[in-house]
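Here is the naming used below: chain letters follow the sequence lines, and residue numbers restart at 1 for every chain. Below, each value reflects all heavy atoms present in this structure, side chains not excepted, and no hydrogens, waters or symmetry copies.
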Number of protein chains: 2
Amino acid sequence: MTKSIKDILIKDLNARVNGSLWLEVGDGHFFGPGPVELLERIAETGSISNAAKEMKMSYKKAWELINRLNAQMATPVVIPQAGGEKGGGSIITSEAIELIKYHRLLRKRFADFLEKETKRLKF
Amino acid sequence: MTKSIKDILIKDLNARVNGSLWLEVGDGHFFGPGPVELLERIAETGSISNAAKEMKMSYKKAWELINRLNAQMATPVVIPQAGGEKGGGSIITSEAIELIKYHRLLRKRFADFLEKETKRLKF
DNA sequence: TATCGTTATATATTTAAATATATAACGATA
DNA sequence: TATCGTTATATATTTAAATATATAACGATA
């Protein structure tokens, strides 16, 4: 009695199906989990700098990410202001909010897919 | 008349949904596209060394990958032989063949999911 | 027992990506 | 006009991952 691959994957290894998802444009990645979280935190904290700190991401990386997004989108996702009452800050646009919402729904459907595939492995 | 996020993503950027998929066990990645391709090429070429060359992967990386897989699985995926008539070689087990088949089906379903989500973006 | 090309292994080097550091520019406010 | 903390930018350093290189062990065969 030989073991099926399912037996090995599930019974012996307790394996599960996992993955990651992003929006792609032209050649490469465009909008994935990282940018989503960064935008959310910019909205919360009011600045790229603080958002980056919270994520333990270097400010440089965060700024380049936002800069790239703003350049690629037809409409910017973040409006930065250098200088001002408290030194400045950044706000996210309504388009960014829509993007986040869309991505949440998309990820939910993806999570369902992954769960379904993991369950399928078990029966 | 403001643009919806869908308009921006599809009309302006021609964005599509993409992602990657793997089997996970315990803490981390376990079996993704890379290992699948490597196993396929070991089956074709009869050696880890040649398979790695074809993929332009360093032998070391290929060997470590196979070694890790063999250690993690209840049954090895590759049977290596050092020494022998032509210096040696490696063959893949029936479990490896099953794994590859399973992964192909899984990726097909994932591709369908991605296509569906990309189309959903368009309407 | 010499030969073959492979597996198995250690170590050095290269590469790419990230963080770290420093600093100018900014603009509302007191 | 001095101050604030931020954005914006360049450069140095660190880190992690990969390749490159070298070599011993292997075992069937002639």
Side-chain angles (χ1 to χ4, degrees), chain A residues 20 22 24 27-73 75-93 96, chain B residues 20 22 24 27-73 75-93 96:
Chain A
S20 75
W22 58 83
E24 212 172 271
D27 45 340
H29 285 213
F30 162 64
F31 194 70
V36 173
E37 188 181 345
L38 187 60
L39 287 180
E40 287 172 337
R41 289 185 193 268
I42 290 173
E44 277 169 33
T45 63
S47 84
I48 298 174
S49 169
N50 286 327
K53 249 173 231 152
E54 280 193 1
M55 288 178 71
K56 290 178 185 177
M57 178 187 285
S58 66
Y59 171 78
K60 190 187 184 188
K61 190 181 169 188
W63 183 84
E64 282 175 346
L65 203 155
I66 294 299
N67 196 246
R68 176 181 63 74
L69 271 178
N70 274 351
Q72 281 179 322
M73 293 282 287
T75 281
V77 285
V78 169
I79 309 285
Q81 192 196 8
E85 36 181 347
K86 295 172 97 179
S90 293
I91 57 174
I92 76 174
T93 64
Chain B
S20 76
W22 58 84
E24 213 171 272
D27 45 339
H29 285 212
F30 162 65
F31 195 70
V36 174
E37 188 180 346
L38 187 60
L39 287 180
E40 286 171 338
R41 289 183 193 268
I42 291 173
E44 278 169 32
T45 63
S47 83
I48 298 174
S49 169
N50 285 327
K53 246 172 232 153
E54 280 192 2
M55 287 179 72
K56 290 179 185 176
M57 179 188 283
S58 66
Y59 171 79
K60 190 188 184 188
K61 191 182 169 187
W63 183 84
E64 282 175 346
L65 205 154
I66 294 300
N67 196 246
R68 175 181 64 74
L69 271 178
N70 273 352
Q72 282 179 322
M73 293 282 288
T75 281
V77 286
V78 168
I79 309 284
Q81 193 195 7
E85 37 181 346
K86 296 172 96 178
S90 293
I91 56 174
I92 74 174
T93 64

#### Entry: Nearest-Å distance for atom pair CD1/C1', residues Ile48(A) and dT6(D)
9 Å
### Residue Pro80(A), side-chain atoms from C-beta onward, closest of dT9(C), dT19(D), dT7(D)
dT7(D)
Give me the distances for all protein-to-nucleotides 23-28 of chain C N/O pairs that come in under 3.5 Å?
residue, atom, partner, partner atom, Å
dC26(C), O2, Gly83(A), N, 2.7
dG27(C), N2, Gly84(A), O, 2.6
dG27(C), N3, Gly84(A), N, 2.9

### Task
Indicate whether OP1 or OP2 belonging to dT7(D) is found under 4.0 Å from a side-chain N or O atom of Trp63(A).
no
### Most 5' of Lys53(B) and Tyr59(A) on DNA chain C, judged by nearest nucleotide
Lys53(B)
### Query
In Watson-Crick or G-U wobble terms, both distances under 3.5 Å, what is the partner of dA16(D)?
dT15(C)
### Task
Measure from CD1 on Ile66(A) to C1' on dT7(D) and round the result to the nearest Å.
12 Å
### Task
Indicate yes or no: does Glu37(B) engage Arg41(B) in a salt bridge with an N to O separation below 4.0 Å.
yes
### Message
Please determine whether a side-chain nitrogen or oxygen atom of Asn50(B) lies at a distance below 4.0 Å from atom OP1 or OP2 of dT6(C).
### Response
yes
#### Entry: Sidechain-backbone polar pair: Thr93(A) side chain, Val78(A) backbone, donor-acceptor under 3.5 Å
no
### Message
Give me the atom names and distance for the closest heavy-atom approach of Gly89(A) to Ser47(A).
### Response
CA-CB, 4.4 Å
## Note on the structure
From NZ of Lys61(B) across to P of dT15(C) the rounded distance in Å is 17 Å
#### Entry: Backbone of Val77(B) reached by a side-chain donor or acceptor of Asn70(B) within 3.5 Å
yes
### Query
Hey, does the side-chain of Lys60(A) have a donor or acceptor N/O within less than 3.5 Å of a partner on the base of dT11(D)?
yes
### Query
In Watson-Crick or G-U wobble terms, both distances under 3.5 Å, what is the partner of dT23(C)?
dA8(D)
#### Entry: Distance, rounded to the nearest Å, where Leu65(B) contributes CG and dT19(D) contributes C1'
15 Å
### Atom pair distance, as rounded to whole Å: CD in Glu54(A) and C1' in dT6(D)
16 Å
### Query
With no hydrogens and no angle check, is any side-chain donor or acceptor of Asn50(B) less than 3.5 Å from a backbone partner on Ile42(B)?
no
### Task
Write down the partner of dT29(C) under the Watson-Crick or G-U wobble criteria, each distance required to be under 3.5 Å.
dA2(D)
### Message
Counting C-beta onward and ignoring hydrogens, is there a side-chain heavy-atom pair between Trp63(A) and Arg68(A) closer than 4.5 Å?
### Response
no
#### Entry: 4.5 Å side-chain heavy-atom contact, Ile66(B) and Leu39(B)
yes
### Task
Rounded off to whole Å, could you give me the CD1-to-C1' distance for the Ile92(A) and dT7(D) pair?
18 Å
### Query
What is the distance from CD of Glu64(A) to P of dA18(C), rounded to the nearest Å?
9 Å
### Query
Quick one: Arg68(B) CZ to dT9(C) P, roughly how many Å, whole number?
17 Å
### Message
With a cut-off of less than 4.0 Å, is there a side-chain N or O of Ser90(B) near OP1 or OP2 of dT7(C)?
### Response
yes
